Amino acid sequence: MQFFVRNREPYSSSLHEYWRSSLLVVLSSMSTFVGLAAGSETLRAGLPVVPVVNGRLEAELGDLSGVTVSTTRSGFSGTGYVTDMDNVADKVSLTFNASAGLYNLSIGYASPSGNKGVDFEVNGKKSSGTLPKTTTGFGKADIGKFLLRNGLNTIVLQKGWGYYDVDYVQLMPATVSLPARPSKQLADARATASTKGLFSFLVDQYGHKVVSGQQDDIEYVLEKTGREPAIGAFDLMDYSPSRVEHGVNVLRSSDAIINWATKGEGRGIVSLMWHWNAPTDLINQAPDKLWWRGFYTTATTFDLKAALADKNSERYQLLLRDIDTIAVQLRKFQAADVPVLWRPLHEAAGGWFWWGAKGPEPFKELWHILYDRLTNHHQLHNLIWVYTATDTFNAEWYPGDQYVDIVGLDIYSHSDNTLSSNWESAQASLTGKKLVTLSESGQLPSPASIRTFGTWWSWFSVWTGNDHIKKQPVDTLKAVFNSESVITRDELPNWRITK
């Protein structure tokens, strides 16, 4: 998570049910394409109804706001394409007739200057996706599965990051399927028996139920729902040496986390992240560059690329010092036979943290150093390595299959976002090689959406504090943690037994 303040606020379904809901969607969508209107020119509230030809909506025929139609770039379909998507209010509204059902949506586009984020709405429900860079002409990007209603529907494409061209939107009838399960072989061949057992459990339940998690506020969830999250997610941030130097008090110690995990039958699952305060070169200036914000690119001048270029430099040695300090804490978990879902160096592709500020190559090198230092030098074999992307998986930043066990997405979006676009993007890139999890979220995921759209995250974890988990309606909180599709701590099996 990239937003929190000093007082730590907000830092600080059964299988039958699934197939029933999926079958209803499939039966509804089987008859859809025959019913797509192919040439209606009627108006609804003054908006043109765009014809659907072979499932395609030409962008230039929609209601255009702040954008223009061009024919300069070759390779477009229809009579042109939409360009000049560069202001906040710019948008393309496509109103069309459809039969009710589940559809795959994709966008025909051009983005020669790089990857672009796109925001859009389907019948008022907000979502987002990524348009990868195109080298020549136009490309096509899948943006997820969506339910359309019988009759008129509207898709609105908005600026997002801007500076991309839109050729068309493609609709295809869709079905849901269970995600492919990856191998149970961990990156660390010497993983402890309990670590193997936990990973085996996560692989076995993938696509059937979602494991519940919570960042820090596990007691709040228990108080409000009567159910305890199966995964407690915590942060080793305050063990960073450059924070210790300033006398920081640890919010929840490693010993306290271990006590939570081992209480009762000892089946609590631990996820640890590390907001790594830069080893040195903290700016420490008010109001937003103070020492305790030293994990942010804006609050430090620490240059990762330069530090990695000279392995004899003081700054490279400080990197190793910090890793060694965190190894002391991780060793406590290993000694207590507590496996860790370990997700360091998160959200690097966003650039807002210093470990991602110099681009993908220095980041990946640091990940490899961290992996080698903890696994081989410190002999820590209780770690399940979780690579955390932003809201979209980007292969350019991926450290490599041999260094990663699970891929997480950190998604902060509108409460009615089905997250289908984010899920589909990761699945398409990883092709079943890794579990995909909702490692951070600003909102509780909807069990109904998970079943309907097949977004079977390995687990979810909502961010802490008043702006996130404590902002969720209590009735919604209860519904999620009591859903048959969600596993809470009391429902965990003895996952230490490897299957």
Side-chain angles (χ1 to χ4, degrees), residues 13-27 29 102 104 142 144-147 174-186 196-213 229-231 267 269 271 341 343 384-389 392-393 401 404-409 411 417-441 444-462 480-489 491-495 497-499:
S13 167
S14 69
L15 185 59
H16 169 75
E17 185 180 9
Y18 161 73
W19 283 115
R20 180 180 180 277
S21 63
S22 299
L23 181 60
L24 290 175
V25 170
V26 172
L27 291 176
S29 61
L102 188 69
N104 282 318
D142 295 332
K145 293 181 173 66
F146 298 89
L147 284 172
T175 59
V176 293
S177 60
L178 298 178
R181 290 179 179 174
S183 164
K184 292 184 178 182
Q185 179 63 52
L186 287 161
K196 292 177 181 178
L198 175 55
F199 190 63
S200 177
F201 160 69
L202 292 175
V203 172
D204 285 340
Q205 62 80 35
Y206 192 51
H208 293 291
K209 294 193 177 187
V210 177
V211 182
S212 63
I231 297 175
R267 297 178 184 177
I269 303 171
S271 172
L341 298 168
R343 60 181 204 96
I384 296 174
W385 288 76
V386 184
Y387 164 69
T388 310
T392 303
F393 178 82
D401 291 341
V404 174
D405 299 307
I406 298 173
V407 170
L409 300 183
I411 306 174
N417 190 340
T418 67
L419 309 184
S420 174
S421 178
N422 313 83
W423 168 266
E424 297 286 351
S425 174
Q427 293 295 330
S429 298
L430 294 164
T431 61
K433 293 187 298 183
K434 302 294 176 181
L435 297 175
V436 176
T437 192
L438 185 57
S439 42
E440 283 183 32
S441 177
L444 285 162
S446 162
S449 289
I450 290 170
R451 294 188 297 269
T452 299
F453 298 100
T455 54
W456 289 101
W457 310 101
S458 179
W459 75 84
F460 69 82
S461 181
V462 180
V480 171
F481 277 84
N482 284 281
S483 169
E484 291 184 348
S485 295
V486 174
I487 298 174
T488 51
R489 178 168 179 155
E491 297 171 318
L492 286 173
N494 184 2
W495 44 259
I497 300 175
T498 304
K499 296 180 180 179

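Just so it is clear, the model here is predicted, and its values are computed rather than measured. What you see below is based on every heavy atom in this structure, not just the backbone, and it leaves out hydrogens, waters and symmetry mates.
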Chemist: Only one of Thr455, Thr452, Leu102 clears side-chain contact (heavy atoms from CB on, under 4.5 Å) with Val176; which?
Modeler: Leu102
Chemist: Would you sort out whether Ile269 and Leu341 count as a side chain to side chain contact (heavy atoms under 4.5 Å, CB included), showing the intermediate values?
Modeler: CA-CA 8 Å; Ile269 303 171; Leu341 298 168; 3.7 Å; yes
Chemist: In a check of side-chain contact (heavy atoms from CB on, under 4.5 Å) between Ile384 and each of Leu435, Val404, Ile406, which one passes?
Modeler: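 Testing each of Leu435, Val404, Ile406 against Ile384, the sole residue satisfying side-chain contact (heavy atoms from CB on, under 4.5 Å) is Ile406.
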Chemist: List in chain and number order the residues that pass side chain to side chain donor-acceptor pair (under 3.5 Å) with Ser212, two or more places apart in sequence or in another chain; answer none if no residue qualifies.
Modeler: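 So Ser212 forms no side chain to side chain donor-acceptor pair (under 3.5 Å) with any residue.
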Chemist: Does Trp456 form a ring-ring contact (aromatic ring centres under 6.0 Å, His included) with Trp423? I'd like the steps, not just the answer.
Modeler: CA-CA 9 Å; Trp456 289 101; Trp423 168 266; 8.8 Å; no
Chemist: State, to 0.1 Å, how close Ala180 and Gly432 come at their nearest heavy-atom pair, and which atoms those are.
Modeler: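 Shortest heavy-atom contact: CB-CA, 3.9 Å.
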Chemist: Where do Thr392 and Ser425 come nearest, in terms of heavy atoms and distance?
Modeler: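 Of all heavy-atom pairs spanning Thr392 and Ser425, the closest is CG2-OG, 3.6 Å.
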Chemist: Run the side chain to side chain contact (heavy atoms under 4.5 Å, CB included) check on Ser483 and Arg451 step by step: do they pass?
Modeler: CA-CA 11 Å; Ser483 169; Arg451 294 188 297 269; 3.9 Å; yes
Chemist: Go through the steps for Phe201 and Val211 under the test side chain to side chain contact (heavy atoms under 4.5 Å, CB included), then give the verdict.
Modeler: CA-CA 10 Å; Phe201 160 69; Val211 182; 4.1 Å; yes
Chemist: Tell me whether the rings of Phe460 and Phe481 are parallel (<30°), tilted (30 to 60°) or perpendicular (>60°).
Modeler: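 Rings of Phe460 and Phe481: perpendicular, as their planes differ by over 60°.
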Chemist: Say you draw a straight line from OG of Ser458 to OH of Tyr206; how long is it, rounded to the nearest 0.5 Å?
Modeler: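 OH of Tyr206 is found 7.0 Å from OG of Ser458.
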Chemist: Restricting to non-hydrogen atoms, name the atom on Ser439 and the atom on Thr388 that form the minimum distance, rounded to 0.1 Å.
Modeler: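 Closest approach of Ser439 to Thr388, heavy atoms only: OG-CG2, 3.4 Å.
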Chemist: If you take all heavy atoms of Ile450 and Pro445, which pair is closest and at what distance?
Modeler: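 That closest heavy-atom pairing would be CD1-CB, 4.2 Å.
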Chemist: With a 4.5 Å cut-off on side-chain heavy atoms, are Trp459 and Leu438 touching?
Modeler: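 They are not in contact (no side-chain heavy atoms under 4.5 Å apart), so the answer is no.
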